[in-house]
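All remarks here apply to the structure that follows.
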Amino acid sequence: MSSHPIAGTVAALMPQARTELAELVAFRSVADFDQFPKSESEAAARWITEALAAEGFQDVAVLDTPDGTQSVYGYLPGPEGAKTVLLYAHYDVQPPLDEAGWTTPPFELTERDGRWYGRGAADCKGGVIMHLLALRALKANGGVPVHVKVIAEGSEEQGTGGLERYAEEHPELLAADTIVIGDAGNFRVGLPTVTSTLRGMTMLRVQVDTLEGNLHSGQFGGAAPDALAALIRVLDSLRAEDGSTTVDGLAGEASWEGLQYAEDQFRQDAKVLDGVDLIGSGTVADRIWARPAVTVLGIDCPPVVGATPSVQASARALISLRVPPGVDAAEATKLLQAHIEAHTPWNARVRVEQVGQGQPFSADTTSPAYAAMADAMAVAYPGQEMQYAGQGGSIPLCNTLAALYPSAEILLIGLSEPEAQIHAVNESVSPEELERLSVAEALFLSNYATD
């Protein structure tokens with residue numbers, strides 16, 4: 001770690017940071033209120049509101065966004081004439097999936113083997129703590145040299161667009177010279193990285209119907225059209241033999257020119273079972289950062305336990321398509337829907353409903369803010385040069401902010417490096433990464449103020 005005074009301050013603040021992250025992780029703030037109480041998300045929003053108020057933020061407010069969730073906003077004034085920086089994170093989290101698969105309780109921050117485990121520890125409640133640490137370190141070393149706006153979103157993981165629509169309706173609220181999105185991650189632990197591109201996303205719910213009701217497979221099977229079999233055919237049509245995504249009319253041969261991802265490292269990070277092939281063609285970076293990728297997120301059909309010998313009358317699936325930079329997500333949605341309809345066999349009835357969408361994002365890495373961040377990273381990570389990587393995931397707010405504030409510079413950093421296993425069981429954060437990135441963010445704000 002650097003010997004810079006900011007680094008010493010952040011190091012001294014880390015015990016407090018752990019306590020606060022534990023408090024924030026304890027809220028079961030999944031913004032799917034069919035599964036988790038809305039009160040848990042509201043309590044997390046209150047926690048952030050109180051934390052910002054305690055740091056001297058003005059105009060702290062809980063924003064009721066159009067999707068029925070809450071985002072938290074605060075403004076910390078800097079010196080007169082200073083630049084304005086918006087710091088973003090989200091406090092909603094993915095469901096814990098199979099709680100029995102967690103080594104320790106998902107909503108209880110637990111230290112193990114040098115990492116802190118808990119749902120949201122990295123994605124992205126840790127990002128909230130990172131912003132707080134950076135600001136506290138600056139306040140202890142001469143003050144915050146820029147105007148700071150903080151926005152903590154309450155439904156990023158659901159992709160329901162509440163904050164995007166709120167920002168569009170209140171365009172002055174989040175206006176800034178530079179925006180730091182604290183929801184990405186280093187390429188690996190200890191390698192400082194900014195994310196320069198994001199894939200977009202579209203999500204479709206597909207229902208196939210063939211019969212008025214289920215039928216006995218012995219009496220009718222062989223001639224009665226099976227809705228589940230039809231759905232399987234549709235889903236299979238979305239991949240080539242090597243596993244590459246194949247949506248009619250959607251290009252899938254783009255290349256990634258930046259930092260490369262060694263296949264053996266990817267296999268280790270993804271925990272691919274021995275002997276199982278990776279899918280797709282091209283480099284790993286091509287596949288996960290520059291090309292479309294379809295995933296079947298879920299299927300509604302009878303479970304194996306309790307299944308009866310029946311021909312299924314209906315079947316449903318939820319499908320996600322990651323959309324690479326350079327492709328319009330709305331156009332990709334149309335192509336995916338047309339593909340599904342064209343590949344549904346036996347004239348089965350098919351209904352397609354869009355349930356989420358976000359555009360891909362590309363940053364201008366030649367901007368002054370990137371130079372300021374590179375200098376900050378070099379201090380926070382001695383001996384390491386800042387790298388540029390893509391990210392296969394989506395942060396729809398990025399494009400909304402880029403459209404609202406075309407002159408603003410947007411940087412993506414964060415705690416979601418591969419070992420964090422975000423969205424999976426046993427999500428964790430590296431406290432060393434939290435410490436170093438907080439130092440980097442504080443130094444960035446200092447550097448940027450004097451550019």
Side-chain angles (χ1 to χ4, degrees), residues 6 9-10 12-14 16-17 19-21 23-25 27 29 41-65 69-92 120 124-156 162-163 166-167 170-183 397 401 404-405 408 410-411 413-415 434 437-446 448-449:
I6 289 284
T9 302
V10 171
L13 290 169
M14 286 301 291
Q16 179 185 353
T19 298
E20 291 178 327
L21 184 57
E23 293 173 359
L24 202 47
V25 164
F27 298 113
S29 52
S41 290
E42 292 172 339
R46 282 196 302 273
W47 189 98
I48 296 170
T49 300
E50 292 168 2
L52 294 181
E55 296 303 321
F57 276 76
Q58 302 176 3
D59 305 323
V60 179
V62 174
L63 312 177
D64 293 315
T65 56
T69 66
Q70 297 178 328
S71 293
V72 180
Y73 169 82
Y75 173 67
L76 184 67
E80 185 177 352
K83 298 173 184 175
T84 299
V85 178
L86 174 68
L87 304 179
Y88 166 90
H90 64 84
Y91 69 84
D92 70 304
C124 176
K125 291 176 176 179
V128 174
I129 303 301
M130 177 182 74
H131 294 327
L132 290 173
L133 277 171
L135 295 173
R136 287 167 179 161
L138 286 170
K139 287 167 67 178
N141 287 273
V144 180
V146 294
H147 304 298
V148 174
K149 295 179 178 180
V150 165
I151 187 72
E153 186 175 3
S155 59
E156 191 275 340
L163 182 56
Y166 191 95
H170 305 82
E172 75 292 339
L173 185 71
L174 303 182
D177 297 295
T178 282
I179 300 165
V180 179
I181 305 288
D183 191 25
L397 183 66
L401 297 177
L404 287 173
Y405 319 116
I410 300 179
L411 301 96
I413 62 172
L415 301 163
L434 174 59
L437 284 167
S438 299
V439 172
E441 182 167 273
L443 292 173
F444 162 75
L445 293 173
S446 180
Y448 184 65

For [X] against [Y], the heavy-atom pair lying closest together:
X	Y	result
Tyr88	Glu156	OH-CG, 3.3 Å
Ile129	Glu20	CD1-CB, 3.9 Å
Leu404	Pro171	CD2-CB, 4.2 Å
Leu434	Gly126	CD1-O, 3.8 Å
Val10	Ala137	CG2-CB, 3.6 Å
Leu138	Ser446	CD2-CB, 4.4 Å

| message | Is it the case that the side chain of Lys149 and the backbone of Ala175 share a donor-acceptor pair, with hydrogens and angles ignored and the cut-off at 3.5 Å? | response | yes
Per-pair distances, 0.1 Å, donor-acceptor, side chain in residues 53-60, under 3.5 Å, sequence neighbours excluded:
| residue | atom | partner | partner atom | Å |
| --- | --- | --- | --- | --- |
| Glu55 | OE1 | Lys139 | NZ | 3.0 |
| Glu55 | OE2 | Arg136 | NE | 2.9 |
| Glu55 | OE2 | Arg136 | NH2 | 3.3 |

| task | Return the set of residues passing ring-ring contact (aromatic ring centres under 6.0 Å, His included) with Tyr405 (not counting sequence neighbours), or none when no residue passes. | result | none
| query | Quick one: do the Asn141 and Thr9 side chains pair a donor with an acceptor below 3.5 Å? | reply | yes
| request: For Ser41, enumerate each residue passing the side chain to side chain contact (heavy atoms under 4.5 Å, CB included) test, keeping only those at least two apart in sequence or located in another chain. | output: Ser29, Phe33, Tyr91
Donor-acceptor contacts, no H, no angles, side chain residues 74-87, under 3.5 Å, sequence neighbours left out:
| residue | atom | partner | partner atom | Å |
| --- | --- | --- | --- | --- |
| Tyr75 | OH | His147 | ND1 | 3.2 |
| Lys83 | NZ | Tyr448 | O | 3.0 |
| Lys83 | NZ | Asp451 | O | 3.2 |

Kindly compute the distance separating [atom1] ([X]) from [atom2] ([Y]), expressed to the nearest 0.5 Å.
X	Y	atom1	atom2	value
Ile48	His90	CD1	NE2	11.0 Å
Thr65	Leu163	OG1	CG	7.0 Å
Leu52	Leu135	CG	CG	9.0 Å
Thr178	Phe444	OG1	CZ	5.0 Å

| query | Are any non-hydrogen side-chain atoms of Ile151 and Leu63 less than 4.5 angstrom apart? | reply | yes
| Do the non-hydrogen side-chain atoms of Thr69 and Asp92 ever get within less than 4.5 Å of each other? | no
Output all residues satisfying side chain to side chain donor-acceptor pair (under 3.5 Å) with [X], sequence neighbours left out; order by chain, then residue number.
X	answer
Ser438	none
Glu50	none
Glu42	none
Ser71	none

| query | Should Leu401 and Ile181 be marked as a side-chain contact (heavy atoms from CB on, under 4.5 Å) after you check the CA-CA gap, both sets of side-chain angles, and the distance that decides it? | reply | CA-CA 11 Å; Leu401 297 177; Ile181 305 288; 4.3 Å; yes
| task | Show your working on side-chain contact (heavy atoms from CB on, under 4.5 Å) between Leu445 and Val180 and close with a plain yes or no. | result | CA-CA 10 Å; Leu445 293 173; Val180 179; 5.5 Å; no
| message | Walk me through whether Met130 and Ile413 qualify under side-chain contact (heavy atoms from CB on, under 4.5 Å). | response | CA-CA 10 Å; Met130 177 182 74; Ile413 62 172; 4.1 Å; yes
| message | Applying side-chain contact (heavy atoms from CB on, under 4.5 Å) to Leu133 and Met14, what does each step give before you reach the verdict? | response | CA-CA 8 Å; Leu133 277 171; Met14 286 301 291; 3.9 Å; yes
